[in-house]
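Please read the structure below before turning to the comments.
Chain A is the first sequence line, chain B the second, and so forth, proteins listed ahead of strands; every chain is numbered from 1.
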There are 2 protein chains.
Amino acid sequence: MAKYITSFMAQTLPVKFKAQAAVLKALAHPTRLFIVDELSKRERCVCELTEMVGSEMSTVSKHLTLLKHAGIVEDDKRGVQVFYRLKRPCVMNFFKCVTAVRKDAIEE
Amino acid sequence: MAKYITSFMAQTLPVKFKAQAAVLKALAHPTRLFIVDELSKRERCVCELTEMVGSEMSTVSKHLTLLKHAGIVEDDKRGVQVFYRLKRPCVMNFFKCVTAVRKDAIEE
DNA sequence: GACATATTTAGGCAAATGGCTAAGTATATC
DNA sequence: GATATACTTAGCCATTTGCCTAAATATGTC
């Protein structure tokens, strides 16, 4: 079943939903959510975030690169340090709802 | 570095962020976003969604189970069919922002 | 009870993820 | 230009994802 052009989605929809999924995927990790939460308060350099997160700097750096590619954060270098900040503070808006959803899920 | 109890996050924060990440992770897939979008219009049985998505029914069923565990959809059986619907329509709220973020990312 | 339809579950496999160590790059200091 | 610090990239490995096929379950019909 569904071997050829059975569905209309296979052609038309992925563009929109793939793009959205990419952003959500970038956020869908505890460490990255923590980082985003921190950056919503103020910008931070990689070394500060590394200290707070408690993983290797290379790991934190990868998370930041991923968030950057998703368009969620931006960075600039000052001396030896690289500072990251939220590019779209509105990202924070939907966490309330996310939490609400989660509460329901846990109740079950 | 960061070998022992270096960070405060390692102990305290994961609980909150893990829960949020779980919800985002459940949504972070094009097919599941499509399904959620469809269900925001009206409830659907698995066979309808299967037809629209264009994957095997077993695959769609798995996606639905995943969404259900995340607390995003709920279902009930009527005869041979199982109907799914959104449990938290507010899930739809943050897609506008997600899209905004994405637009930025693509611009680069 | 045999049979068809709708759905889920199990098992397998290729690809993606997330972590680490180690090596490379860039900037500032001596 | 040697050295130290901050960061990124590469390579490796274990785990997770996502899809498929095949088998199991459940419900309704003959």
Side-chain angles (χ1 to χ4, degrees), chain A residues 1-4 6-7 9-10 13-14 17-18 21-36 39 43-70 73-85, chain B residues 1-4 6-7 9-10 13-14 17-18 21-36 39 43-70 73-85:
Chain A
M1 188 196 241
K3 276 281 190 274
Y4 310 100
T6 332
S7 78
M9 177 187 165
L13 291 168
F17 291 110
K18 261 187 185 168
V23 175
L24 293 171
K25 202 171 173 184
L27 290 169
H29 189 283
T31 299
R32 293 196 290 270
L33 282 182
F34 169 76
I35 289 173
V36 167
L39 296 184
E43 64 169 19
R44 293 285 199 180
C45 67
V46 182
C47 58
E48 285 176 306
L49 292 170
T50 298
E51 169 67 16
M52 290 187 275
V53 165
S55 307
E56 291 304 315
M57 186 178 275
S58 65
T59 302
V60 173
S61 175
K62 265 193 182 176
H63 284 309
L64 288 166
T65 301
L66 203 153
L67 287 169
K68 189 173 156 186
H69 284 146
V73 303
E74 57 186 5
D75 66 315
D76 66 306
K77 193 164 189 172
R78 294 179 216 149
V80 237
Q81 296 176 306
V82 179
F83 286 87
Y84 281 83
R85 77 191 74 82
Chain B
M1 187 196 243
K3 277 279 190 275
Y4 309 100
T6 332
S7 78
M9 176 188 167
L13 290 169
F17 292 111
K18 263 187 184 168
V23 175
L24 293 171
K25 203 171 174 185
L27 291 169
H29 189 283
T31 299
R32 293 196 292 269
L33 283 181
F34 169 76
I35 289 172
V36 166
L39 297 184
E43 65 170 17
R44 293 285 200 181
C45 67
V46 182
C47 57
E48 286 176 307
L49 291 170
T50 298
E51 170 67 17
M52 290 188 275
V53 165
S55 307
E56 290 304 314
M57 185 178 275
S58 66
T59 302
V60 174
S61 175
K62 267 194 180 174
H63 282 309
L64 288 165
T65 302
L66 204 153
L67 287 170
K68 189 173 156 187
H69 285 146
V73 304
E74 56 187 6
D75 66 316
D76 67 306
K77 193 166 190 173
R78 292 179 217 148
V80 236
Q81 297 175 305
V82 178
F83 286 86
Y84 280 84
R85 77 192 73 82

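If you check C/dT8, C/dC20, D/dA6 against the side chain of A/Q81, the one that comes closest is D/dA6. Across C/dC20, D/dA6, D/dT8, the shortest atom-to-atom separation from the side chain of A/V46 is found for D/dT8. Side-chain proximity of A/M57 to C/dT7, C/dG19, D/dT8: nearest is D/dT8. Distance from the side chain of A/H29 is smallest to C/dG18 among D/dC7, C/dG18, C/dT7.
In this structure, A/F34 and B/F17 have perpendicular ring planes: the angle between them is above 60°, well past the 30° mark.
Phosphate proximity of C/dC20 to A/T59: present, with a side-chain N or O under 4.0 Å from OP1 or OP2. OP1 or OP2 of D/dC19 sits under 4.0 Å from a side-chain N or O of B/H63. In this structure, A/Y84 reaches the D/dT8 phosphate: one of its side-chain N or O atoms is under 4.0 Å from OP1 or OP2.
Here the P atom of nucleotide C/dT27 and the CG atom of A/D75 are 13 Å apart, to the nearest Å. Summarising the geometry, the separation between CD on A/E56 and C1' on C/dA23 is reported as 14 Å, rounded to the nearest angstrom. The separation between B/L64 atom CG and C/dA6 atom C1' is 13 Å, rounded to whole Å. Between A/K68 atom NZ and D/dC7 atom P there is a gap of 13 Å when expressed in whole angstrom units. Residue A/E48 contributes atom CD, which lies 17 Å from atom P of D/dT5 at whole-angstrom precision. Between the P atom of D/dA6 and the CD atom of A/E51 lies a distance of 12 Å, rounded to the nearest Å. The separation between B/D76 atom CG and C/dT7 atom C1' is 14 Å, rounded to whole Å. Rounding to whole angstrom units, NZ of residue B/K18 and C1' of D/dT16 are separated by 15 Å.
Look at A/R78 and A/D76 and you find a salt bridge, because one of the NZ, NE, NH1 or NH2 atoms lies within 4.0 Å of a carboxylate O, short of that distance.
Closest-nucleotide positions on DNA chain D for B/K25 and A/F83 were compared, and the one nearer the 5' end corresponds to A/F83.
Judged by distance alone, the side chain of A/R32 and the main-chain N or O of A/A26 form a donor-acceptor pair under 3.5 Å. A donor-acceptor pair is defined here as one N or O able to donate and one able to accept, closer than 3.5 Å; such a pair exists between the side chain of A/E48 and the backbone of A/C45. Judged by distance alone, with hydrogens and angles left aside, the side-chain atoms of B/T50 form a donor-acceptor pair with the main-chain N or O of B/V46 at under 3.5 Å.
A distance of 13.5 Å separates CG in B/L24 from NZ in A/K25, rounded to the nearest 0.5 Å.
One donor-acceptor pair, N or O on each side, does fall under 3.5 Å between the base of C/dG19 and the side chain of A/K62.
Minimum heavy-atom separation, B/L67 to B/I35: CD1-CG2, 4.1 Å.
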Within the sub-3.5 Å range, which N or O atoms of nucleotides 22-28 of chain D have a protein N or O partner, and how far apart are they?
{"residue": "D/dA26", "atom": "O3'", "partner": "B/K77", "partner atom": "NZ", "Å": "3.4"}

